[in-house]
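Here the structure is a predicted model, which means the values were calculated and not measured. Counting from 1, the numbers follow the sequence of the chain as shown.
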Amino acid sequence: VVGYNEGKEIWSGKFQTVMDTLVYELNYRFSGIEPTGLGIYPAESNQAVKPMPYFSQEINRQIRDGYGVYYYPISLLEIPWERVAEEEPWNRELLQRYRQEAQNFYTQLPSGQLTKFRQLVEANPLESLEEVTMFIHHTLTTYATYTQAPGMFPLNEDPAEYFLFESGKGYCQHFATAAVILYRMYGIPARYATGYAVKPSDFTEENGEFHAAVTDESAHAWVEICMPDCGWVPVETTPGGSEIPELPGISASTLQEVLDNQHWDFSILQPPEPERPQTRPQE
């Protein structure tokens, strides 16, 4: 539990509670960019589970049969950290302290296991987040195929290693698990996340508003990484998503340049299949 009382800012609660809204608050107050409003209307009332977009804050008023949020897409995160550090250093320190704790906890892996993953990482020593992200993205989308029927995993074999190094077939849970392992092996805090993936194409316009019906078919799993300036950020590694992952503060051209100039060693992996589906079916 942490508490801050500096100037007009008061944060008190668990780290995760603070991280849920801190990035949103700083972006709202310092960037001058207006957030997007979103109404969410659950089919079944369940106050214990409230799906929320990343970098969001719940609207503090009741909405009939649902709840409302304001949020920022990753592309609109533009916090001027130099100004924050000058005017509200306690908030900058809070995020840095959280990142330090995440570095210790969310890089843990079982010792003496995941031998093939370790061999792959040792063959490809990388340091920057850009390199690691594109290496993981390229590995999973090139050497594994999406399928909803990957078959049974053999007994006494690690499912993640069997998925990537033997069968090369799996669905979103397998891709997300492998991505978490690889990020952690490179020392980047990562965790497995589940929720709903709703694409812009899922929305239709009605009377000047955009609506989307979200069902279990939109259920999805992905990896989150903890970035120094933005907290937890989603990264899509399942085939069928965007060709270049979206990371705040890092341009798509920079990531593409990393991919174009790569000299990675994939000798431990099975050769990719000649033809691979280009789109991911709904789950």
Side-chain angles (χ1 to χ4, degrees), residues 15-16 19 23 54-55 74 77 95-96 98-144 146 158-165 168 170-195 197 220-252 254-259 262 264-266 268-269 280:
F15 266 143
Q16 183 56 51
M19 289 303 108
V23 173
Y54 284 89
F55 317 115
I74 290 177
L77 289 181
L95 190 57
Q96 290 175 336
Y98 180 86
R99 178 57 164 72
Q100 291 171 359
E101 292 299 318
Q103 183 70 48
N104 295 331
F105 186 81
Y106 289 102
T107 55
Q108 297 181 22
L109 289 165
S111 61
Q113 300 180 37
L114 305 172
T115 304
K116 292 181 179 179
F117 275 104
R118 296 183 192 280
Q119 291 175 353
L120 177 63
V121 169
E122 289 171 359
N124 296 277
L126 305 172
E127 295 184 0
S128 72
L129 175 61
E130 295 91 332
E131 288 181 305
V132 171
T133 294
M134 292 314 298
F135 172 75
I136 293 173
H137 189 272
H138 181 73
T139 300
L140 294 178
T141 56
T142 302
Y143 291 90
Y146 181 93
D158 182 88
E161 289 214 327
Y162 182 80
F163 153 69
L164 184 58
F165 298 95
Y171 39 87
C172 60
Q173 289 94 327
H174 303 109
F175 285 89
T177 299
V180 169
I181 292 170
L182 287 169
Y183 267 120
R184 290 190 178 194
M185 285 190 173
Y186 279 110
I188 297 173
R191 66 187 185 184
Y192 178 95
T194 60
H220 191 46
W222 58 90
V223 59
E224 293 177 341
I225 60 173
C226 191
M227 297 185 66
D229 291 339
C230 301
W232 292 106
V233 175
V235 182
E236 179 62 90
T237 56
T238 301
S242 60
E243 294 185 4
I244 300 295
E246 188 174 16
L247 296 176
I250 302 175
S251 67
T254 297
L255 295 175
Q256 183 64 56
E257 184 178 357
V258 170
L259 184 61
Q262 59 87 8
W264 298 321
D265 181 357
F266 295 110
I268 190 175
L269 288 160
R280 172 170 58 83

So do Pro159 and His174 actually touch side chain to side chain, heavy atoms under 4.5 Å? no
Compare all side-chain heavy atoms of Ile225 with those of Leu247 and state whether any distance is below 4.5 angstrom. yes
Check the surroundings of atom CD in Gln108: do more than 12 heavy atoms from other residues, nucleotides or ligands lie under 6.0 Å from it? yes
Mind checking whether Leu259 and Leu255 have side chains closer than 4.5 Å, heavy atoms only? no
Rounded to the nearest 0.5 angstrom, the CZ-CZ distance for Phe105 and Arg184 is 7.5 Å
So, do Ile74 and Tyr54 sit near enough that their side-chain heavy atoms are less than 4.5 Å apart? no
Given side-chain contact (heavy atoms from CB on, under 4.5 Å), test Thr237 with Thr141 step by step and report yes or no. CA-CA 7 Å; Thr237 56; Thr141 56; 5.9 Å; no
Counting only heavy atoms not in Gln96 (residues, nucleotides, ligands), do more than 12 fall under 6.0 Å from its CD? yes
Any ion pair linking Glu161 and Lys116 (charged N to carboxylate O, less than 4.0 Å)? no
Could you label the plane-to-plane angle of the Tyr143 and His138 rings as parallel, tilted or perpendicular, counting under 30° as parallel and over 60° as perpendicular? perpendicular
I'd like to know whether His137 forms a side-chain hydrogen bond (donor to acceptor under 3.5 Å, both in side chains) with Glu236, so could you lay out the CA-CA distance, the side-chain angles of the two residues, the decisive distance to 0.1 Å, and finally the verdict. CA-CA 8 Å; His137 189 272; Glu236 179 62 90; over 6 Å; no
Quick one: pull up CG in Leu120 and CG in Leu269 and give me the separation to the nearest 0.5 Å. 5.5 Å
Test item: Val235 and Glu224 side chains (from C-beta on) under 4.5 Å apart, heavy atoms: no
What do you reckon, are the aromatic ring centroids of Tyr106 and Tyr183 less than 6.0 Å apart? no
Closest non-hydrogen atom pair, Ala221 against Thr238: O-OG1, 4.4 Å
Before you tell me yes or no, could you show the steps for Arg191 and Trp232 under side-chain contact (heavy atoms from CB on, under 4.5 Å), namely the whole-Å CA-CA distance, both residues' side-chain angles and the distance that decides it to 0.1 Å? CA-CA 9 Å; Arg191 66 187 185 184; Trp232 292 106; 3.2 Å; yes
Where is the tightest heavy-atom contact between Glu127 and Glu131, given as atom of each residue plus distance? N-OE1, 3.7 Å
When Ile181, Thr177, Val180 are each screened for side-chain contact (heavy atoms from CB on, under 4.5 Å) with Val223, the one that passes is Val180
Nearest heavy-atom approach of Cys226 to Arg99 is O-NE, 2.8 Å
For the residue pair Ile188 and Thr107, establish whether any side-chain heavy-atom pair is separated by less than 4.5 Å. no
As an exercise, state the distance from CG of Leu95 to CE of Met227, rounded to the nearest 0.5 Å. 11.0 Å
From OG1 (Thr115) to CD (Glu122), nearest 0.5 Å: 9.5 Å
Do Leu164 and Phe117 come within less than 4.5 Å of each other through their side chains, counting heavy atoms only? yes
Run the side-chain contact (heavy atoms from CB on, under 4.5 Å) check on His220 and Thr194 step by step: do they pass? CA-CA 6 Å; His220 191 46; Thr194 60; over 6 Å; no
Only one of Thr139, Ile244, Thr254 clears side-chain contact (heavy atoms from CB on, under 4.5 Å) with Met134; which? Ile244
Would you indicate whether the side-chain heavy atoms of Phe135 and Asn124 approach each other to under 4.5 Å? yes
Residues Leu77 and Val23: closest non-hydrogen pair is CD2-CG1, 4.0 Å
Over all heavy atoms of both residues, which pair between Pro245 and Thr133 is shortest? Give the atoms and the distance, please. CG-CG2, 3.9 Å
Looking only at heavy atoms, the pair that brings Pro239 and Phe175 closest together is CD-CE2, 3.2 Å
